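Working notes, structure below.
Remember, it's 1-based here, ligands and their atoms both numbered in the order they're listed. Since the model is a prediction, treat every value here as computed from it, not as a measurement.
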Amino acid sequence: MVHISSNDISEIIRHCVEETPNEACGLLIGRGDVINSVRRARSQIPSPFEFTMESKDILTIDQEADTEGLEIVGLYHSHTMTEAYPSPTDVAACPDDRWFHILISLKERPYKVSAFRIVDRSIEEVTISLSGGGDRSQGDLWTL
Ligand SMILES: [Zn+2]
């Protein structure tokens, strides 16, 4: 299970919608299975089909997290035309077995949000627990 506030999910959705038609990506900051905040990152070559996170952004965000006594616990990205499920490219590019992957599908409304871990190239779905009691002001826009 991974804990994240609905405000953070809404921020991820906003970012993903803004990047359309290209895939958006960013990092999840927290500790253990709790996500405290989300940070936008840039894709090296913006594309509707894949993303490669800008390494400078990863470094900057990692340092910011460290300053706050937190760490990078995962990443998020969007699929603009396919399901919220890791693609073979996502599996091959998985940087860390412990990372959570939050996927957003913008294929249809309400946008679908799901979470995974990719351990030894196998995909495990992770339950998302909405924490922090954030208001679902954009509640009709996305669904778990
Ligand atoms: Zn993907």
Side-chain angles (χ1 to χ4, degrees), residues 1-66 68 70-132 134 136-144:
M1 187 175 288
V2 62
H3 302 268
I4 184 168
S5 73
S6 47
N7 286 342
D8 280 342
I9 299 259
S10 292
E11 160 58 15
I12 293 174
I13 299 281
R14 269 195 299 278
H15 180 206
C16 293
V17 169
E18 284 175 29
E19 290 294 324
T20 308
N22 294 324
E23 288 195 1
C25 62
L27 290 166
L28 312 171
I29 306 303
R31 180 167 289 286
D33 60 1
V34 177
I35 295 165
N36 294 71
S37 66
V38 298
R39 304 286 162 81
R40 297 180 180 208
R42 289 166 299 176
S43 189
Q44 282 172 2
I45 304 160
S47 155
F49 309 108
E50 59 183 353
F51 72 97
T52 307
M53 208 179 283
E54 186 63 64
S55 44
K56 245 186 292 181
D57 291 358
I58 301 175
L59 201 63
T60 306
I61 294 166
D62 189 43
Q63 286 166 347
E64 286 170 6
D66 199 48
E68 295 166 34
L70 300 169
E71 55 191 7
I72 297 171
V73 294
L75 62 80
Y76 69 84
H77 76 281
S78 59
H79 283 173
T80 54
M81 291 167 285
T82 55
E83 303 296 335
Y85 193 80
S87 69
T89 311
D90 296 333
V91 173
C94 176
D96 190 318
D97 279 8
R98 292 164 301 177
W99 278 22
F100 293 106
H101 298 249
I102 291 187
L103 266 116
I104 312 296
S105 172
L106 302 177
K107 202 172 94 165
E108 56 197 8
R109 287 194 186 210
Y111 304 132
K112 178 85 177 131
V113 181
S114 44
F116 303 89
R117 259 189 172 140
I118 300 170
V119 179
D120 290 334
R121 310 255 154 155
S122 82
I123 299 166
E124 300 168 3
E125 181 147 19
V126 175
T127 304
I128 296 175
S129 160
L130 289 179
S131 59
R136 283 193 66 166
S137 49
Q138 300 184 50
D140 293 340
L141 200 56
W142 55 269
T143 180
L144 295 180

Q) Should we count CZ of Arg31 as having more than 12 external heavy atoms under 6.0 Å? A) yes
Q: State, to 0.1 Å, how close Pro48 and Thr80 come at their nearest heavy-atom pair, and which atoms those are.
A: O-OG1, 3.5 Å
Q) Taking all atoms of both residues into account, what is the closest heavy-atom pair of Ala24 and Cys16, and its distance? A) CB-CA, 3.7 Å
(Q) Check this for me: does any side-chain nitrogen of one of Arg40 and Glu18 sit under 4.0 Å from a carboxylate oxygen of the other? (A) yes
Q: Measuring from the Zn ion (ligand 1), count protein N/O/S atoms under 2.8 Å, please.
A: 4
Q) Looking at side-chain heavy atoms only, is the closest gap between Val38 and Ile4 below 4.5 Å? A) yes
Q: May I have all residue pairs that pass salt bridge (Lys or Arg N to Asp or Glu O under 4.0 Å) and include part of residues 74-90, sequence neighbours excluded?
A: Glu83-Lys107
